[in-house]
Amino acid sequence: MKNAVNQPHWLFQGAVILTIAGLLSKVLSAVYRVPFQNIVGDTGFYIYQQVYPFLGIAIMLGTTGYPVMVSKLLSEHGEENRRIITRVSLVYISLLSLVLFLCLYIGAGWISDLMADSELILLIQMSAFVFLFLPLTVMLRGVFQSDGMMLPTAISQLVEQLIRVGVLLVLSFYLMRHGYSLYETGVGAVFSSIAGSAVSLILLLFLWLTYRKQPASGMTLKQATLRKKDVLKSLVLYTLTICVSGLFILWMQMIDAFHLYALLRSEGLSETEAKAAKGVYDRGQPFLQLGTVFAISIGTSLVPFLSSALREGQHEVIRQKVRTSFKTTSVLGIGSAVGLICILSSVNIMLFRNDLGTDALQIFCISIAFTSIAITQTALLQGLGHPVYPAVVIILSVLVKWGLTFALVPLFGIHGAAWSTVCGYLTAAMCNAFYLKRKGWISMRELFPVEILLSAAFMAIVLVGYQALFSWIIPFEKRPFSVLESLTSVFIGGFAFLYSILKLEVFTDEEWRLIPLGEKILYFKQMRGNRNGW
């Protein structure tokens with residue numbers, strides 16, 4: 001195991017495995033909500049989604065948040081500073097975790113009052129315990145990654161998510177089957193996160209005891225060059241910048257968790273109606289998470305690449321990477337958003353058994369495009385050495401979402417909440433885009449991708465026509481038919497979008513080669529060109 005640390009091949013393989021594990025975890029995090037909603041219904045879904053942002057913060061800090069920072073500090077400052085970095089980081093993260101635990105556990109009553117639902121107290125208190133697993137988990141993952149060993153982090157991350165999802169679904173099914181209340185089932189769902197965190201930590205400890213890196217024989221460590229306050233300053237700065245950016249989607253969800261149900265109640269909806277309406281609105285979260293998976297993946301790979309290229313002064317390489325990444329994310333985000341909006345009625349029935357809230361969810365799904373673009377832009381700016389600006393933009397975007405939630409929900413209900421979300425993400429995307437343009441990394445052409453919008457419009461026309469034909473042939477809104485309609489629509493819409501992207505030459509041949517699976521698409525394009533004279 002130790003020998004692998006010195007082999008570039010294993011380093012690369014470990015990084016790939018870590019990326020794949022992260023993608024699988026994010027897909028699982030989005031997909032499990034569908035069977036869970038089917039088990040507990042919209043009201044049960046509302047209950048879990050009220051506390052999910054707290055759980056999500058713990059998950060993010062323990063996976064892609066602080067482990068990256070710890071490994072970065074250890075890698076950059078040498079073996080002689082290893083002890084001071086690990087000690088200061090452990091104390092800092094332990095204190096932060098304890099503060100978050102106490103805020104949630106002691107403040108559960110106050111938080112539930114803000115959410116206008118006193119029955120959430122036990123769920124909020126249960127969610128607090130997840131933060132107690134953070135310090136050791138973060139340190140072990142950070143130390144492993146600094147030694148070039150990505151596999152322990154990847155395995156523990158994937159195991160944590162599998163345990164969490166598995167326990168949540170099995171326990172929820174059991175509790176509902178045996179007559180427990182929705183709030184008791186919600187407590188069981190929160191417990192699944194504690195179980196996942198515990199198993200992950202045990203696994204990391206086992207791997208650490210197996211690994212136990214020893215200093216090279218005869219090696220004399222130099223005097224530490226870092227001071228405690230230098231390490232602390234880096235940790236605090238990281239907390240205020242990178243972690244703020246990484247929690248973007250969760251901040252948006254937090255606003256809805258704290259205010260949407262209360263605002264719906266204040267406008268005259270009964271408890272049951274307001275909870276069900278919030279649960280219907282929360283159906284949009286899996287769509288948003290799945291729609292942004294690839295943007296997050298692109299962003300994860302961009303930061304180290306751009307940082308390295310910037311240090312080496314490869315400005316033309318950076319410019320090409322920035323523009324290709326921006327264009328790729330625009331294609332994926334806009335294509336996913338428009339396609340999903342067109343077929344959402346049948347998808348809603350396929351996944352959630354009815355088409356409640358389809359029009360509000362269609363508005364919400366506009367966010368997929370802006371969120372994908374904003375996440376990639378944030379990663380670009382961080383990689384280019386501008387971590388503070390995107391963090392400030394995210395704070396501004398959250399404030400926009402917060403203000404519009406209070407302005408629009410009383411007028412339009414969950415439709416207003418959806419529009420406030422769209423405007424929040426749009427603010428981030430536009431501010432970041434104009435900043436990148438001002439710095440000269442993208443042009444006006446990339447800022448307003450006419451060819452991509454035309455391709456999305458072509459796909460929308462094809463999908464609307466196909467769905468009209470399908471409804472004429474099979475005029476029944478039964479779930480099996482909705483499954484058939486949804487799956488065939490995805491295939492047809494995807495083909496139409498890709499066809500238009502190729503015809504309008506959105507990507508150059510060189511850009512296709514930089515995109516995953518782009519070589520195969522380019523080969524297909526060239527084959528068709530030879531036959532039909534494209």
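Values in this document were obtained by computation on a predicted structure and should not be read as measured data.
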| request: Please check if atom CZ in Phe191 has more than 12 non-hydrogen atoms from other residues, nucleotides or ligands closer than 6.0 Å. | output: no
| Between Asp256 and Lys278, is the closest basic N to carboxylate O distance under 4.0 Å? | no
| said: Could you tell me if Ser397 and Thr427 have a donor-acceptor pair between their side chains, going purely by distance under 3.5 Å? | reply: no
| Is it the case that more than 12 heavy atoms not belonging to Tyr105 sit under 6.0 Å from its OH atom? | no
| Nearest heavy atoms of Ser193 and Arg164, plus distance in Å | OG-CD, 3.1 Å
| request: Go through the side-chain N and O atoms of Ser89 and Tyr66 and say whether any donor and acceptor fall under 3.5 Å apart. | output: no
| request: Of all the heavy-atom pairs spanning Ala128 and Leu104, show the shortest one and how long it is. | output: CB-CB, 3.6 Å
| said: Within this structure, what is the NE2-OG distance for the pair His415 and Ser420, rounded to the nearest 0.5 Å? | reply: 13.0 Å
| request: Tell me, yes or no, whether the heavy-atom count around Tyr389 atom OH, taken from other residues, nucleotides or ligands under 6.0 Å, exceeds 12. | output: yes
| message | Within this structure, what is the OG-CG distance for the pair Ser346 and Asp355, rounded to the nearest 0.5 Å? | response | 10.0 Å
| field | Distance-only side-chain donor-acceptor flag, Ser345 / Thr358, under 3.5 Å | value | no
Got a list of side-chain donor-acceptor pairs under 3.5 Å for residues 106-116, not counting sequence neighbours?
unit_1, atom_1, unit_2, atom_2, d
Ser112, OG, Ala108, O, 3.2
Ser112, OG, Gly109, O, 2.8

| query | Can you tell me if Thr421 and Tyr281 form a side-chain donor-acceptor pair at under 3.5 Å? | reply | yes
| task | Run the numbers on Phe458 and Phe497 for ring-ring contact (aromatic ring centres under 6.0 Å, His included), then give the verdict. | result | CA-CA 7 Å; Phe458 174 70; Phe497 189 60; 9.5 Å; no
| message | Is it the case that the side chains of Arg141 and Gln157 hold a donor-acceptor pair, with the cut-off being a distance below 3.5 Å and no angle test? | response | no
| remark: Between Val280 and Leu361, the two heavy atoms sitting closest are O-CD2, 3.7 Å
| said: Do Gln49 and Gln285 pair up side chain to side chain, a donor and an acceptor below 3.5 Å, judged on atom types alone? | reply: no
| message | Determine whether Phe131 and Leu98 satisfy the following criterion, side-chain contact (heavy atoms from CB on, under 4.5 Å), listing intermediate values before the conclusion. | response | CA-CA 7 Å; Phe131 289 93; Leu98 183 61; over 6 Å; no
| request: Compare every heavy atom of Pro410 with every heavy atom of Leu263, then report the nearest pair and how far apart it is. | output: CD2-CG, 4.5 Å
| field | For the student: nearest non-hydrogen atoms of Phe248 and Ala428, plus distance | value | CZ-CB, 3.7 Å
| task | Determine the minimum heavy-atom distance between Leu171 and Gly188, stating which atoms define it. | result | CD2-O, 3.5 Å
| query | Between Thr185 and Ser172, does any side-chain donor sit less than 3.5 Å from a side-chain acceptor? | reply | no
